[in-house]
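One structure is given here, and the rest of the page talks about it.
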Amino acid sequence: MINLPRGTQDLLPEQTQKWQYVEEQFKALCHTYNYKEIRTPIFEHTELFQRGVGDTTDIVQKEMYTFKDRGDRSLTLRPEGTASVVRAFVQHKMFGNPTQPTKLFYIGPMFRYERPQQGRMRQFVQFGVEALGSADPAIDAEVMALAMNLYQTLGLKSLKLVVNSLGDNESRANHREALVNHFEPHAHELCSDCQLRLQKNPLRILDCKKDKDHPSMKTAPSILDHLNNYSKTYFEQVKAYLDQMGIEYVVDQNLVRGLDYYNHTAFEIMSNAEGFGSITTLSGGGRFNGLVEDLGGPETPGIGFALSVERLLMALEAESVILPIDEALDCYFVALGEKAEKKAVELVYTLRNAGIQVDKDYQGKKFKAQFKAADRLKAKYVVILGDEELENNVVNVKEMSTGKQEQVKIDEIDSTLKRFVQGGIS
RNA sequence: GCGGUCGUGGCGAAGUGGUUAACGCACCGGAUUGUGGUUCCGGCAUACGUGGGUUCGAUCCCCACCGGUCGCCCCA
């Protein structure tokens, strides 16, 4: 027997119904916020992620699914969505479209080569949105609102929106210098990872879990104290919009996102729900002014976020949210006897052509067993056809919830059953 | 990449160095030759992750590998 590859999963019908439901909700929400769907390939040139996501990131350094194709090109299964969306934005010159900002959403699998565990698969699915072409703080707030809106619409309660500002280039450079000056004297006391980070990306020392209790952490320079006027005002405005919309959040100056392209607004949505395991992050996002330029486009600001569908469903599970999924079958067709069974095939076809959801037995089950099957499938109606009915050109239709039964002429079977399904048997 | 833990029929789950490896659920049939549930009776299955080793004999003991799961790192 061949099993599925490590870190992947099969979604069986019981699961796919939930997936379809949350996808529909997400799409509907994107529609109300006026984001349009974009579909990009699931693999790209490796270079896109090296340049887009950043060479120093864990994603690029140790988590990419990279392979050579037959033409000796280095390709990579996408580890995240933003780089591809920006690539497409640049490639198709969407910056020239009459309506800006360009508001896009995507749904699809992402791949990271990691040891699988709760809420972390090698193939996982993200919903994401990107708004390109606006540096209005209101759109930062809009993106966060959309994200929170989805979770709340689905019924989640234990949510925490965490925001921070990473500032613009100037602010970051100042902060970086302050960080290096601050940590340099303690470098030998920090973990080996942090010693490397000090060289490459000192910002990330701030969210190191090993060194979080080191005394130098408490006194570390905060990015918020190094924001220049523009960055500072920008962040204030983003928060003001959130306040105005009544969206609760907390500011965490140590919130540092793992991808290089972020600046200004950075945010994460976490779940506090019991039994959610060690994973708490449901989604993350932020502003990426400069990325479009890095990937060969004109100077274009952008912001977006992505959420994991697996974690979304875990959170729903953890909070015991029941999704409104209708599992009931409209109609089950029970036939008895050779002639009736033949006729049943025709009548089932007739009913289906009328748009009624109907199924029948294909296992040669006895009459009683067919009823059991109908019950198990939660059939609303059972149509019964035996020799007696056949002779009189009728069927018996039974409403399973009430036990009411009515005789229906075969000629009128489709219209009558349609009426029953919509409004009950009488 | 590192560490803990686990691996017995479709699912859940006992168990033992030695003739036919419990049980429960599910499924099928009957009691009830055309009406769902319950009950009772009967039936059912290529099951000890893979490969080595120890042994007269291994599902059990040892080793390796594979896989699941949880945690670390990091993230969605």
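To find a chain, count down the sequence lines: A is the first, B the second, and so on, and within it residues start at 1. Everything numeric in this text was worked out from a predicted model, so none of it was measured.
Between the side chains of A:S171 and A:S231, a donor-acceptor pair is found at a separation under 3.5 Å. Looking only at atom types and distance, the side chain of A:N149 has a donor-acceptor partner in the side chain of A:Y33 under 3.5 Å away. No side-chain donor-acceptor contact under 3.5 Å links A:S271 and A:Y151.
Sequence order on RNA chain B of the closest nucleotides to A:L4 and A:A306 puts A:L4 first from the 5' end. Comparing A:E268 and A:R6 by the nucleotide of RNA chain B whose heavy atom lies nearest to each, the residue mapping closer to the 5' end is A:R6.
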Which donor-acceptor pairs under 3.5 Å do side chains of residues 387-409 of chain A form with protein atoms, sequence neighbours excluded?
| residue | atom | partner | partner atom | Å |
| --- | --- | --- | --- | --- |
| A:E389 | OE1 | A:G386 | N | 2.9 |
| A:E389 | OE2 | A:N396 | ND2 | 2.9 |
| A:N392 | ND2 | A:E388 | O | 3.1 |
| A:E399 | OE1 | A:T402 | OG1 | 2.7 |
| A:E399 | OE2 | A:Y381 | OH | 2.7 |
| A:E399 | OE2 | A:I425 | N | 3.3 |
| A:T402 | OG1 | A:K404 | N | 3.2 |
| A:K404 | NZ | A:S426 | OG | 3.3 |

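We find that CD of A:E63 is positioned 7 Å from C1' of B:C75, with the value rounded to whole Å. Rounded to an integer number of Å, the gap from A:R122 CZ to B:G67 C1' is 12 Å. We find that CG of A:D58 is positioned 16 Å from P of B:C2, with the value rounded to whole Å. Rounded to a whole Å, the CG atom of A:D10 is 17 Å from the P atom of B:G10. Atom C1' of nucleotide B:C75 and atom CG of A:L307 are separated by 14 Å, given to the nearest angstrom. A:Q61 places its CD atom 13 Å from the C1' atom of B:G1, with the value rounded to the nearest Å. If you measure from atom CD of A:Q126 to atom P of B:C75, you get 14 Å, rounded to the nearest angstrom. Between A:D361 atom CG and B:C28 atom P there is a gap of 10 Å when expressed in whole angstrom units.
Geometric assessment of A:K239 against the ring of A:F235 yields a positive cation-pi assignment under the 6.0 Å and 45° thresholds.
With respect to A:R51 and A:D294, no salt bridge is recorded, no charged nitrogen being found less than 4.0 Å from a carboxylate O. Look at A:K27 and A:E24 and you find no salt bridge, because none of the NZ, NE, NH1 or NH2 atoms lies under 4.0 Å from a carboxylate O.
Nucleotides B:G71 and B:C61 have their P atoms positioned 28 Å apart, rounded to a whole Å. Remark: the separation of the P atoms in B:U69 and B:C11 is 15 Å, to the nearest Å. Nucleotides B:C28 and B:C60 are separated by 36 Å at their P atoms, to the nearest Å. The same atom, P, is picked in B:U55 and in B:G15; the two are 29 Å apart, to the nearest Å. Nucleotides B:G53 and B:A58, compared at atom P, are 11 Å apart to the nearest Å. Annotation: B:C40 and B:C25 have their P atoms spaced 10 Å apart (nearest Å). Comparing B:U39 with B:U32, their C1' atoms are spaced 13 Å from each other, to the whole Å. Using P as the reference atom, B:U5 and B:A47 are 30 Å apart when rounded to the nearest Å.
Regarding contacts with the backbone of B:C74, every side-chain N or O of A:R115 stays at 4.0 angstrom or more from both OP1 and OP2. For the pair A:Q118 and B:C70, the criterion of a side-chain N or O lying under 4.0 Å from OP1 or OP2 is met. The shortest distance between the side-chain N/O atoms of A:Q117 and the OP1/OP2 oxygens of B:G71 is below 4.0 Å.
Heavy atoms of A:G119 sit under 4.0 angstrom from at least one base atom. Nucleic acid contact for A:G7: sugar-phosphate only, since backbone atoms but no base atoms lie under 4.0 Å from a heavy atom of the residue. Here A:M121 lies in heavy-atom contact (under 4.0 Å) with a base. Using a 4.0 Å heavy-atom cutoff across all strands shown, A:L282 reaches sugar-phosphate atoms only and no base atom. Across all strands shown, A:E114 has heavy atoms under 4.0 Å from base atoms, whether or not it also approaches the sugar-phosphate.
The side chain to side chain contact (heavy atoms under 4.5 Å, CB included) test applied to A:M94 returns A:F89, A:H92, A:N97, A:T102, A:L104, not counting sequence neighbours. Listed by chain and residue number, nothing satisfies the side-chain hydrogen bond (donor to acceptor under 3.5 Å, both in side chains) test with A:Y106 (two or more places apart in sequence, or in another chain).
Ring planes of A:F127 and A:F26: parallel class, angle under 30° (limits at 30 and 60°). Ring geometry, A:H264 versus A:Y234: the interplanar angle falls from 30° to 60°, so the pair is classed tilted.
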Subject >> Structure string for RNA chain B in dot-bracket form, Watson-Crick and G-U at under 3.5 Å, | interchain >> reply: (((((((..(((.....[....))).(((((.......))))).....(((((..]....))))))))))))....
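For a distance-only test at 3.5 Å, the side chain of A:R120 qualifies as a donor-acceptor partner of the base of B:C74. A donor N or O paired with an acceptor N or O is found under 3.5 Å between the base of B:C75 and the side-chain atoms of A:R311.
Listed by first and then second residue, the salt bridge (charged side-chain N to carboxylate O under 4.0 Å, His left out) pairs involving residues 118-132 of chain A are A:E114-A:R120 (not counting sequence neighbours).
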**OP:** For nucleotides 31-50 of chain B, just jot down a letter per nucleotide in 5' to 3' order: B, S or -, based on protein non-hydrogen atoms under 4.0 Å.
**Re:** -B-BBBS-------------
